[in-house]
Amino acid sequence: MTPAIALVKKMRINHAVHSYSHDPRTASYGLEAAEQLGLAAERVYKTLLVSTENAELLVALVSVNAQLNLKALAAAAKVKKVEMADPQRVAQKKALRTFVDRSAAEHATIYVSAGRRGLEVELSADDLLALTHGQFAEIASLGH
């Protein structure tokens, strides 16, 4: 069990865990999850970490068939600038400000990483916001 799954269980969030056989050679983990689980890419969300000009880490979730719009995220977070976080700083041990692309609200449930390759958790976007104390924002650009 991953910390993400433990948290949804502890908070009694309605969810489902889905697993698939992960190929480490795959180019896109998110698109692999959608394909392996037979899902539309619009329902599978990738979790990205970015850093602000003040070195604050933020979490952004956009569908796997979209790109994160850094300018839109900076505006939503009310900061001047954001950039993809240094992978060395990515360990997500404490709660970070979280922004979920508004498109997630169009689906009854979405799929997000359960904290390990080959494992996705399905839940409603509203429950994801409640869990993360996050907010919806227009932060995606189509295409990947």
Side-chain angles (χ1 to χ4, degrees), residues 1-52 55-79 82-144:
M1 178 168 337
T2 66
I5 295 169
L7 181 61
V8 293
K9 285 185 174 187
K10 178 183 170 196
M11 301 302 288
R12 298 193 172 148
I13 298 290
N14 189 22
H15 71 286
V17 176
H18 302 272
S19 62
Y20 60 92
S21 182
H22 165 61
D23 179 353
R25 297 167 305 197
T26 193
S28 169
Y29 299 131
L31 289 174
E32 177 193 39
E35 190 175 291
Q36 291 287 328
L37 295 172
L39 300 167
E42 299 82 44
R43 290 189 60 206
V44 180
Y45 280 69
K46 54 190 169 186
T47 305
L48 304 169
L49 261 74
V50 299
S51 180
T52 70
E56 175 191 7
L57 290 176
L58 305 174
V59 177
L61 287 97
V62 297
S63 65
V64 298
N65 64 339
Q67 275 188 317
L68 174 61
N69 180 323
L70 294 172
K71 284 187 175 161
L73 177 59
K78 297 179 175 47
V79 297
V82 297
E83 61 187 17
M84 297 309 295
D86 175 348
Q88 304 303 314
R89 292 192 57 214
V90 167
Q92 199 177 332
K93 297 291 185 220
K94 62 177 186 157
L96 303 174
R97 285 201 294 156
T98 300
F99 299 86
V100 178
D101 187 60
R102 194 170 304 284
S103 64
E106 298 168 11
H107 308 286
T109 59
I110 61 170
Y111 294 72
V112 296
S113 173
R116 190 169 67 224
R117 303 276 181 234
L119 208 55
E120 296 281 311
V121 64
E122 176 186 5
L123 72 171
S124 77
D126 287 338
D127 283 342
L128 178 63
L129 289 187
L131 274 174
T132 61
H133 305 288
Q135 67 186 72
F136 284 127
E138 299 277 344
I139 58 171
S141 301
L142 283 179
H144 56 256

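Because only heavy atoms are used, hydrogens play no part in the values below, and waters and symmetry mates are left out as well, while side chains stay in. Note that the structure is predicted; figures quoted are calculated from it, not measured.
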Taking it one step at a time, do Thr109 and Glu122 satisfy side chain to side chain donor-acceptor pair (under 3.5 Å)?
-> CA-CA 6 Å; Thr109 59; Glu122 176 186 5; 2.7 Å; yes

Side chain to side chain contact (heavy atoms under 4.5 Å, CB included) evaluation trace for Lys46 with Val62 = CA-CA 6 Å; Lys46 54 190 169 186; Val62 297; 3.6 Å; yes

Is there a side chain to side chain contact (heavy atoms under 4.5 Å, CB included) between Gln36 and His22 once you walk through the steps?
-> CA-CA 9 Å; Gln36 291 287 328; His22 165 61; over 6 Å; no

Would Ser63 and Asn65 satisfy side chain to side chain donor-acceptor pair (under 3.5 Å), going step by step from the backbone distance to the final call?
-> CA-CA 5 Å; Ser63 65; Asn65 64 339; 2.6 Å; yes

Please report the C-alpha distance between Val100 and Val59 in whole Å, then the side-chain angles of each, then the deciding distance to 0.1 Å, and finally whether the side chain to side chain contact (heavy atoms under 4.5 Å, CB included) criterion is met.
-> CA-CA 8 Å; Val100 178; Val59 177; over 6 Å; no

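Thr2 approaches Gly115 most closely through the heavy-atom pair CG2-C, 4.4 Å. Contact record, Ala137 with Ala76: CB-CB, 3.7 Å, taken as the closest heavy-atom pair. In terms of heavy-atom proximity, Lys71 sits nearest to Asn69 at N-OD1, 3.1 Å. Here the closest heavy-atom approach between residue Ala85 and residue Leu57 is recorded as CB-CD2, 3.7 Å. Nearest heavy-atom pair across Val64 and Ala41 is CG2-O, 3.6 Å. The minimum heavy-atom distance between Tyr29 and Tyr20, with the atom names listed, is O-OH, 3.9 Å.
In this structure, Leu61 and Leu128 have side chains that are in contact, with non-hydrogen atoms separated by less than 4.5 Å. No side-chain heavy atom of Glu42 sits under 4.5 Å from any side-chain heavy atom of Glu106.
Met84 CE: more than 12 foreign heavy atoms inside a 6.0 Å radius. At most 12 heavy atoms of other shown residues, nucleotides or ligands fall within 6.0 angstrom of atom CD in Glu35.
Atom CD of Glu120 sits about 6.5 Å away from atom CG of Leu37, to the nearest 0.5 Å. The distance from the NZ atom of Lys10 to the CG atom of Leu131 is 11.0 Å, given to the nearest 0.5 Å. Atom CG of Leu49 sits about 6.0 Å away from atom CG of Leu96, to the nearest 0.5 Å. Taking CG of Asp127 as the reference point, atom CD1 of Ile13 lies at 4.0 Å (rounded to 0.5 Å). To the nearest 0.5 angstrom, Arg116 atom CZ is 10.5 Å from Met1 atom CE. Between the OG atom of Ser51 and the CG atom of Asp86 there is a distance of 8.5 Å, given to the nearest 0.5 Å.
By the salt bridge (Lys or Arg N to Asp or Glu O under 4.0 Å) test, Glu138 pairs with Arg102, sequence neighbours left out. Considering only residues two or more places apart in sequence or on other chains, Ala105 meets the side-chain contact (heavy atoms from CB on, under 4.5 Å) condition with Phe136. For Glu56, the side-chain contact (heavy atoms from CB on, under 4.5 Å) test picks out Thr52, Leu58, Arg97, with sequence neighbours left out.
A donor-acceptor contact shorter than 3.5 Å links the side chain of Tyr45 to the backbone of Ala104. Put simply, the side chain of Asp101 gets close to the backbone of Ile139: a donor and an acceptor are under 3.5 Å apart.
The aromatic rings of His18 and Tyr111 lie tilted to each other, with the angle between the two planes from 30° to 60°.
Checked for salt-bridge contact, Glu32 and Arg117 miss the test: no charged N lies under 4.0 Å from a carboxylate O.
Residue Leu48 is tested with Leu70, Leu68, Leu73 for a side-chain contact (heavy atoms from CB on, under 4.5 Å); the sole match is Leu68.
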